[in-house]
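Along the sequence shown, residues are numbered consecutively beginning with 1. Start at 1 and go down the list; that is how both ligands and their atoms are numbered. Values below: all heavy atoms of this structure, side chains included; hydrogens, waters and symmetry mates excluded.
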Amino acid sequence: MSERSQGGSRYPVYVTRRIPEAGLRLIQEVCDVHIWEGEMPPPKEVLVREVAHCEGLLSLVTDPVDAEVIAAGGRLRVISQYAVGVDNIDVQAATARGIPVGHTPGVLTEATADLTFALLLSAARRIVEGVDTVRSGKWRTWEPLGLLGNDVWGATLGIVGLGRIGAAVARRARGFAMHILYYDITRKPELERELSVAYAPLPELLARSDFVSLHCPLLPETYHLIDEQALRRMKPTAMLINAARGPVVDTGALTRALQEKWIAAAALDVTDPEPLPPDHPLVSLPNCTIVPHLGSATITTRERMALIAAENLLAGLRGERLPHCVNPEVYL
Ligand code: DGY
């Protein structure tokens with residue numbers, strides 16, 4: 001424990017939503033913790049007000065930790081994100097102020113890959129339509145031509161972004177004897193050998209894949225990576241899976257692609273905007289399955305994320321290097 005906390009002075013921190021107890025407990029041992037208890041994320045003006053008093057901020061993907069919020073945090077010394085993705089944070093603005101930003105890589109890889117595969121299988125085998133048929137009392141007999149889907153076994157999977165999660169999806173796909181293509185900004189020769197995956201430029205991957213699964217971070221370069229042109233390159237029988245970030249896909253173009261059957265189906269864990277309004281056309285399209293950003297939503301994974309987020313926060317408050325830092329240049 002740091003001298004400061006032993007001496008009775010505790011670090012003031014703001015936590016933007018209740019996270020699993022294991023992580024909170026660690027923080028509460030040495031900090032004065034103010035938690036936003038709302039079901040919805042704190043409004044921006046609350047964030048700006050709260051951050052002015054704290055030395056540490058524990059944020060979620062739903063919080064806009066932009067330049068204005070960071071500028072308001074005159075005493076802020078660490079931002080710890082309870083997620084691996086940090087696209088809601090202006091990392092450049094934090095770096096300019098010398099504030100380290102932590103995140104939670106690794107621990108959510110397998111859970112997110114599981115969810116990706118659940119979405120892929122669900123789209124391929126029309127699980128949600130099947131459930132709807134049963135629930136609405138429309139299941140009257142076994143139908144030779146009813147709810148026919150696509151084979152997963154032996155199909156071609158195109159992975160966009162072969163990072164930790166993309167590679168974990170590839171490992172699962174091998175169990176389904178899938179042929180795996182990948183596109184990434186850098187070639188990964190070791191993974192190509194280990195996972196028997198083949199590199200393909202994005203247009204080729206889109207044209208050859210039966211399933212296209214997105215696993216790249218949201219960056220200026222990946223914003224609307226899957227636009228009308230990309231969707232039109234896909235096979236009419238192909239399915240798009242997005243468990244990365246909503247804005248990687250142009251929502252308007254995807255809506256048209258599904259309505260006009262340029263592609264067969266989509267299954268989305270993330271959307272743009274998020275959440276999608278319930279009256280958005282994508283929500284009611286039978287060939288579109290949407291779940292509410294559940295990639296990391298298992299009990300164990302969320303607990304592990306909470307522990308890492310707490311460790312990052314406490315390290316920053318103690319002036320130590322964050323175990324998982326997205327802007328290590330602050331230490332140069
Ligand atoms: C992440 O970690 O970036 C997910 O989107 C939320 O767990």
- prompt: Roughly how far apart are Glu274 CD and Arg245 CZ, rounded to 0.5 Å?
  reply: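 That separation rounds to 7.5 Å.
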
- prompt: When you measure from the side chain of Tyr82 to the backbone N and O of Arg302, does any donor-acceptor pair fall under 3.5 Å?
  reply: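 Checking the backbone N and O of Arg302 against the side chain of Tyr82, a donor-acceptor pair under 3.5 Å is found.
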
message: With a 3.5 Å distance limit and no angle check, can you tell me whether Asp66 reaches the backbone of Asp90 through a side-chain donor-acceptor pair?
response: no

Is [X] salt-bridged to [Y], going by a charged N under 4.0 Å from an acidic O?
| X | Y | result |
| --- | --- | --- |
| Arg49 | Glu45 | no |
| Lys188 | Glu192 | no |
| Arg172 | Glu110 | yes |

task: Could you tell me whether some N/O pair between Arg302 and ligand 1 is separated by less than 3.5 angstrom?
output: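 The answer is no, given that Arg302 and ligand 1 share no N or O pair closer than 3.5 Å.
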
field: Atoms of ligand 1 close to Met305 [distance to a heavy atom under 4.0 angstrom, numbered from 1]
entry: 7 (O)

message: Show me which atoms of ligand 1 lie under 4.0 Å from any heavy atom of Gly85.
response: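 Every atom of ligand 1 under 4.0 Å from some heavy atom of Gly85: 1 (C), 2 (O), 3 (O).
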
Counting non-hydrogen protein atoms only, what is the nearest one to [atom]? Give residue, atom name and distance.
| atom | value |
| --- | --- |
| atom 2 (O) of ligand 1 | Val84 N, 2.7 Å |
| atom 7 (O) of ligand 1 | Ser296 OG, 2.7 Å |
| atom 3 (O) of ligand 1 | Arg245 NH2, 2.7 Å |
| atom 4 (C) of ligand 1 | His293 NE2, 3.6 Å |

query: Does Arg17 make a cation-pi contact with Trp36 (under 6.0 Å, within 45 degrees of the axis)?
result: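 Negative - Arg17 is either too far from the ring of Trp36 or too far off its axis.
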
message: Below a 4.0 angstrom heavy-atom separation, can you tell me which part of Leu108, side chain or backbone, both or neither, approaches ligand 1?
response: side chain

field: Non-hydrogen atom of His103 closer than 4.0 Å to ligand 1
entry: no

